[in-house]
Amino acid sequence: MMPRPDARCHAGHVARFFAMMVILALTLSPGIAQGTDVDTLAAARAAVDARPEDPYAWVELGDVLLFAEASEEAKAAYLEAIALDYRIC
């Protein structure tokens, strides 16, 4: 019998899927994407500022930074998430 997946893990994957769908939709609409990327990054940074102990906020920031092609900053955000909870999905 396989172990049940952690509910947080599943919720994290669902949230990441929807976030990526929004980013994809914005990418397909260049006029919207230009103004929204800055807003999305600001929102992700605000989430980390509000909840620095939440590894999922750091993962979200890493995802946004990776999409923005800021790979070194994304790597730092992912490492922070892992440092907070090494079991992060």
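Scope of the values below: all heavy atoms of this structure, side chains included, with no hydrogens, waters or symmetry mates. Every value quoted in this text rests on a predicted model; they were computed, and no experiment measured them. Counting from 1, the numbers follow the sequence of the chain as shown.
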Rounded at 0.5 Å granularity, tell me how far [atom1] in [X] sits from [atom2] in [Y].
{"X": "I82", "Y": "W58", "atom1": "CD1", "atom2": "CH2", "answer": "13.0 Å"}
{"X": "D54", "Y": "D85", "atom1": "CG", "atom2": "CG", "answer": "10.0 Å"}
{"X": "K75", "Y": "E80", "atom1": "NZ", "atom2": "CD", "answer": "14.0 Å"}
{"X": "Y78", "Y": "D63", "atom1": "OH", "atom2": "CG", "answer": "3.5 Å"}
{"X": "L41", "Y": "L61", "atom1": "CG", "atom2": "CG", "answer": "6.5 Å"}

Heavy-atom neighbours of E69 CD exceed 12 at 6.0 Å: no
Closest non-hydrogen atom pair, A57 against V48: O-CG2, 3.5 Å
Pair R45 + E73: basic N to acidic O under 4.0 Å: yes
